[in-house]
Amino acid sequence: MNDNVTDNTSATDGSKRILLVCRHAPYGTSLARESIETALAAGALGVDITLLFINDGVWQLYNHQQVSVIAAKNHGAMLSALPLYGVERLLVDEKSLSERGIKASNLTDIAEVIDKDQVKHLLANCKVILSF
Amino acid sequence: MNDNVTDNTSATDGSKRILLVCRHAPYGTSLARESIETALAAGALGVDITLLFINDGVWQLYNHQQVSVIAAKNHGAMLSALPLYGVERLLVDEKSLSERGIKASNLTDIAEVIDKDQVKHLLANCKVILSF
Amino acid sequence: MILHTVNKSPYANQCLVDCLTTAATGDTIILIEDGVYGATAGPLFDKSLPQLSELDIKLYVLRPDFEARGLHLGQSVLHFSLVDDHRFVELVLEADKVLSWY
Amino acid sequence: MILHTVNKSPYANQCLVDCLTTAATGDTIILIEDGVYGATAGPLFDKSLPQLSELDIKLYVLRPDFEARGLHLGQSVLHFSLVDDHRFVELVLEADKVLSWY
Amino acid sequence: MKFTIVILGAPYSGETADTACRFAEAVIAQGHNIYRLFFYHDGVHNASSLVTLPQDEIQLPQRWQQLIDQYHLEAVVCIASALRRGVANDIEARRFGKPCGNLLEGFELAGIGELLDAAAHSDRLITFGPSS
Amino acid sequence: MKFTIVILGAPYSGETADTACRFAEAVIAQGHNIYRLFFYHDGVHNASSLVTLPQDEIQLPQRWQQLIDQYHLEAVVCIASALRRGVANDIEARRFGKPCGNLLEGFELAGIGELLDAAAHSDRLITFGPSS
């Protein structure tokens, strides 16, 4: 777990921040890629942004993605660039994981798992939502 | 009910025929429109074709569609042109209707309702499937 | 308070259920485009709605999209209000922010 | 005998369930693109699979799409076979026709 | 109040662009301002000069253009999304050795920073997701 | 055996075109024939000369083009779908007063009749639906 996000209060206090809601699986559509490109731009421009991975968006964080035959770029590798750009608040909805039988150990460790109440708190307290 | 399709055996005997499977609701995407344009082209060219409306495709047959504010063409009106082009085998999946709480009286009368076994028979006996 | 928009048919897509799972007390939902099929009374959909009666969530349907499809109210056990594009804009203003489900 | 292709995630879209409802004994199903998530063991999905054990339906998953997503077999109660693009072509030839669910 | 409208869907293929355009017109009719229109993902096709609908149908790109022109709106098309989908202005077209660009007058290509700026400076931001 | 491949998805926005192109390559590698490639719905964007991906990514339109050229494939783009989505050859572009067309060499615009002909004359027809 990333040190910067272990304090749940700070991790889910989204006031004044842009919340990027990532709901789509990688590869099938380019939405996942475009949401991460938005986050990378925010990092590069110093804009404070929080990412919430929910519903099929949690698959974006799945470990061991291996792009060889398909035309797309490795989404996991794109995501791992986020902390380098200063984007460190990556939160994952616990309920979406359990519905999909995903264990936290299946995910890249750049994201923090939060529960239903924390998701509601996050949504209630951000300033604006970009939904992908 | 159209006289040409009241005989269930002929209506669902799809051997040698092209089966057009229409699974999408009208308006939300242009898939429904493109499937009907394919059927109209088949009619115009004298190609034997059968249409199966299933899943959200059954909404295409819903009565009283009123396009005024939205940009799309009236889908119900497009459909009603099919018999004029000689496309007369329009079949609707009964299960899809009941799942959506749709009564046969809510539908345009150019289509015939068929049950699950007739759907399987139709799929088993056509030559080729175009799925929209 | 969040205004949620939903633009997919609940018979084809999970996003209305996902929205209902996440929406909080006092939020507002507007069904647009194929999302308006959510206002029909299909047994499939009504099953997934117990949360709504508990939470105080107001439900709206975009009238032009609803009428284009030939639909009419009175088919659902829930209360939906039909709104035009102008009222849609007001709903956005009455909310603090918008979350789009698609 | 029909080969069914399914390209949407069952967690987001109804089309795998729609396919299973319609598939007949002896048919074949191949999961491609986001459809490959159907081969994971989510409780949500396994609920809707009683039909499969009754019908003799063979299940395939397109390997490049599956591996791109980091997935591995052994998570599902059902038996899926991983196939490459070449085997996909053969599956199309072994069937009489193809029905695509998307 | 200042609105930003994010459009993720192409005209014709789905309903997104029609809904978003009607929404924009209603915002203006009520005396509010549009801070920015941001065309992202498949929304970039709204800015294509090559889109040609049958004469009796609503030409969405021209409808946007009229709104942009009449109310001096800022209509930003994400440059990365646009190039990947075959929408380019003359400068970009030349850079990549294409005979000519297809970006409709009134629209401008720019980076994702313009979306983040809009999120920070608008009173309300609404995303119209792809309907297909 | 003769295959017809129907492509309904745009490159980049979704995975459809990549899957379909890999499938076409596998068909050929196994010594089978391709009766026709038919680009319909958003698939018409595969034929756009203006699509420009980052240099290190697979340029799908050119990958199709190479396949078409090398194996003398017939690649038909539905003319109605294409014009509505901003894909046109020079003749159509001129007809509608546009400065130039953007149809990639090797692809041809034609009507839906070509799809129906392919359905009748191929041993197998497979549709790759939009993934978005």
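Just so it is clear, the model here is predicted, and its values are computed rather than measured. Excluded from the calculations below are hydrogen atoms, water molecules and symmetry mates; all remaining heavy atoms, backbone and side chain alike, are included. Just so we're on the same page: letters track the sequence lines, and every chain starts at 1.
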- Query: Which heavy atom of A:A32 sits nearest a heavy atom of A:H24, and at what distance?
  - Reply: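 That would be CB-O, 3.8 Å.
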- Task: Using a strict cut-off of less than 4.0 Å between a Lys/Arg side-chain nitrogen and an Asp/Glu carboxylate oxygen, indicate whether A:R100 and A:D56 qualify as a salt bridge.
- Result: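 Yes, this pair counts.
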- Item | Ionic contact status for D:K58 with D:E94, cut-off 4.0 Å |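 Salt bridge flag = no for D:K58 with D:E94.
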- Message: What part of D:D85 gets within 4.5 angstrom of chain A, counting heavy atoms only: side chain, backbone, both, or neither?
- Response: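 Side chain only.
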- Message: Given D:F80, which partner from the list D:L73, D:V36, D:I29 fulfils the side chain to side chain contact (heavy atoms under 4.5 Å, CB included) test?
- Response: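 So the option named by the test is D:L73.
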- Message: Can you see whether A:Y27 has D:R69 sitting over its ring - NZ or CZ less than 6.0 Å from the centre and within 45° of the normal?
- Response: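 Judged by the rule (NZ or CZ under 6.0 Å from the ring centre, within 45° of its axis), D:R69 is not positioned above A:Y27.
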- Task: Could you tell me which portion of A:N63 (side chain, backbone, both or neither) has an atom closer than 4.5 angstrom to a non-hydrogen atom of chain D?
- Result: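 It is the backbone, since no side chain atom gets that close.
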- Determine the option with the most heavy-atom pairs under 4.5 angstrom with chain D, choosing from A:V67, A:T29, A:I70.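 Max contact count across the listed options: A:I70.
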- Query: Pick from A:R23, A:Q60, A:H64: which one has the most heavy-atom pairs with chain D under 4.5 Å?
  - Reply: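 Greatest number of close heavy-atom pairs with chain D: A:H64.
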- Item | Top of D:E33, D:E67, D:K8 for chain A proximity - count of heavy-atom pairs under 4.5 angstrom |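 Max contact count across the listed options: D:E67.
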